[in-house]
Each structure stands twice: as structure tokens, then as C-alpha cells.
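Input: a single structure, listed below in C-alpha cells.
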Amino acid sequence: MGKRGKNLEKVEQALMSAWNEDTPFEFVPGWDEAVMRDIRSRSAAAWAGQAAGGFGPLVLRFAAVAAAVTVLFLILALESDIASFHDLAMMFLDDPAGFIISPPSV
Amino acid sequence: MTRDWSKKDDGEIIEMVLAGDTELYGILIERHRDHVMKIAMKRVPLDEAGDLAHEAFVRAYSSLPRYGGKSPFGNWLAVIAVRACHDYWRERYRSRETSMNELGEEHVRWLENTASEESGLMDRSMESRRNAAEVLAWALERMSPEDRAVLELVHLEERSVREASEILGWSVPKTKVRAFRSRKKLRRLLEGAIG
């Protein structure tokens with residue numbers, strides 16, 4: 001390490017020593033009470049989300065419903081005539097000749 | 001019936017707070033407030049330290065159900081306090097509220113004297129310590145919140161990179177790179193000031 005590096009290290013040591021020095025302090029009167037007041041005002045709501053586990057269970061419940069609906073539609077599609085769905089789509093898209101939607105290759 | 005809560009350890013008190021006895025959180029505040037205040041005083045302007053310590057206790061309370069008891073409550077709280085201070089600087093940095101102090105002649109003289117000190121003995125006078133604290137504040141003001149946080153933990157408090165990464169919630173490689181860069185930046189600033 002060069003002289004410059006050594007000099008910088010001395011400054012760094014002095015800064016480190018300044019950082020680690022304890023500064024005397026006093027809490028403003030009523031500091032604890034102010035924190036506790038804040039805590040009390042939040043206590044009911046603070047853990048409400050966490051007690052239920054946040055969004056996790058909600059997402060899982062939603063996913064379960066979505067899966068059930070998908071299965072239901074699949075069963076419905078298998079039991080009914082797919083071609084009629086296809087016709088319906090052509091009607092909605094104003095595509096009687098089937099230019100946009102190609103016929104199902106069944 | 002009066003109960004002597006002072007004999008209960010933090011874990012037992014936390015259990016009771018979680019069971020609904022909110023008032024017992026006051027005991028945890030009383031036990032740990034000095035430590036949290038010291039963390040805040042080092043990291044944010046003195047007139048903001050009380051508010052930051054307050055914020056740390058409120059955050060800890062909100063996260064109490066997630067405290068698993070793997071580490072002592074004091075350590076867990078210290079991490080929350082350091083992160084609250086980091087968030088303070090991020091907020092200031094985002095809103096560009098940081099006012100930058102300039103170094104005075106006295107600071108430059110202190111830097112030159114400290115750098116050229118041959119005896120190896122550090123000047124411990126009150127004036128020298130004040131200058132050191134002001135030069136450090138000047139240098140930290142010129143760093144990003146991330147560089148500041150990692151420099152404080154790794155270089156000024158001499159914590160390991162792993163420990164700093166756990167406190168800041170960063171990966172070890174990211175912390176390592178940031179620590180290296182922040183020290184380089186500090187050195188560049190000091191070199192520029194010494195001239």
C-alpha cells in the first residue's frame with residue numbers, strides 16, 4: 001500500500017472511531033407513552049391481515065373456484081356439440097363464411 | 001395480584017402480547033429503547049432519531065406474529081431499526097430533500113492533519129472528534145441510501161458481509177459488491193477533500 005493509501009486509512013480509522021462513539025442522549029418526556037398510544041391505536045388492525053395469513057388463502061380460494069369452473073366448462077363442452085359453439089362464434093364475429101375462424105377439424 | 005414482569009424473558013412477554021395483552025409491549029420498549037435509540041442516532045440526524053426509534057417499535061409490533069424466536073428479540077428489533085433508518089434515507093433521496101453541507105477550512109485541516117499523522121496516535125480531543133463526525137456526515141450525505149447503509153454496517157461497524165446482507169435483506173454477492181463500491185466512493189471523496 002502506498003503512502004496515499006496509508007494516509008487514507010488513518011482518516012478512515014478516525015471516522016470509524018467517531019462512528020462508534022456513544023453520544024449521550026435523553027428521551028423526550030412522554031416518548032414511551034407516545035409509542036404505546038400508537039401501538040394501542042393499531043393493535044386491533046395490526047394483525048388482522050396476518051392472522052388470516054394475508055392474501056395467501058384468498059388467492060388459493062380463488063384458484064380453487066377458477067379450477068372448478070374450468071372443469072365444469074370442459075365437461076359442458078365435451079357433452080355438447082362443439083360445432084354449435086363454433087357457429088355461435090362465427091355469428092358474433094360476423095364471419096358466416098369462416099374467414100376469421102376456421103372450422104374445427106373434428 | 002401484582003406480577004413481577006421483570007423476571008419474564010422477552011419471549012414470554014411476546015407470547016402474552018400476541019395473546020392480546022398489548023400493554024406488556026411497554027416492557028419490551030423499556031428494555032430495548034436505549035439500544036434502538038443508539039442505532040437511530042448514528043444513522044439519522046439527531047432531531048429525527050426519536051421518531052425513527054418510535055417507528056421501529058411500531059414496525060416491530062406490527063410484525064410481531066412473524067417473530068419466530070430464532071434470534072434474540074433485541075437482534076430482531078435492531079434489524080428492524082436499521083431498515084427503518086435505511087427507508088428514511090431512501091425517502092429523503094427520492095424526494096430530494098437531502099441538504100448537502102460543505103466542508104469548511106477546519107474540516108480540511110483536520111483531514112490533512114489526520115492523514116499526515118506519523119505517530120499513529122489518534123487525536124482524541126473533543127474538537128477532533130467533532131470534526132471527524134462532521135466529515136463523516138459530509139461523506140455519507142454524498143452517497144446513495146444503499147451505499148450508505150452497507151458502508152455503515154461493513155466498514156464502520158466492521159460486520160461481516162453475510163451479517164450485513166441478512167440485516168439489509170440483500171444477497172451476499174450484492175452486499176459484497178456494494179460494500180466494495182461504497183468504500184471506494186468514500187476514499188474518492190476523502191482524497192478529493194484532502195487534495
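Proteins come first, then strands; the chains are lettered A, B, ... in the order of their sequence lines, and each starts at number 1.
Ring geometry for B:F57 against B:Y25 counts as perpendicular: the plane angle is over 60°, on a 0 to 90° scale with 30° as the lower cut. The aromatic rings of A:F25 and A:F27 sit perpendicular, their planes meeting at an angle over 60°, well past the 30° parallel limit.
Donor-acceptor pairing under 3.5 Å is recorded for the side chains of A:W19 and B:E157. Between the side chains of B:H155 and A:E12, no donor N or O sits under 3.5 Å from an acceptor N or O.
There is no contact between A:V28 and chain B, counting heavy-atom distances below 4.5 Å. For B:N131, no part lies near chain A; criterion is any non-hydrogen pair under 4.5 Å. There is no contact between B:A137 and chain A, counting heavy-atom distances below 4.5 Å. Neither the backbone nor the side chain of B:E55 has a heavy atom closer than 4.5 Å to any heavy atom of chain A. For B:L151, no part lies under 4.5 angstrom from a heavy atom of chain A. Contacts between A:E33 and chain B at a heavy-atom distance below 4.5 Å are absent for every atom of the residue. Interface remark: B:R43 contributes backbone and side-chain atoms alike to the contact with chain A (heavy atom separation under 4.5 Å).
One finds no salt bridge joining B:R178 and B:E152 here, because no Lys/Arg side-chain nitrogen approaches an Asp/Glu carboxylate oxygen to under 4.0 Å.
Residues B:W110 and B:E134 form no side-chain contact, since every pair of their non-hydrogen atoms from C-beta on lies 4.5 Å or further apart.
Atom CZ of B:R181 sits in a sparse spot, with 12 or fewer heavy atoms from other residues, nucleotides or ligands closer than 6.0 Å.
Heavy-atom pairs under 4.5 Å with chain A were tallied for B:R130, B:E30, B:R129; the largest tally goes to B:R129. For chain A, the option among B:R33, B:K38, B:E191, B:M41 with the highest count of heavy-atom pairs below 4.5 Å is B:R33. Per-residue heavy-atom pair counts under 4.5 Å with chain A were compared for B:L111, B:N113, B:D34, and the maximum is reached by B:D34.
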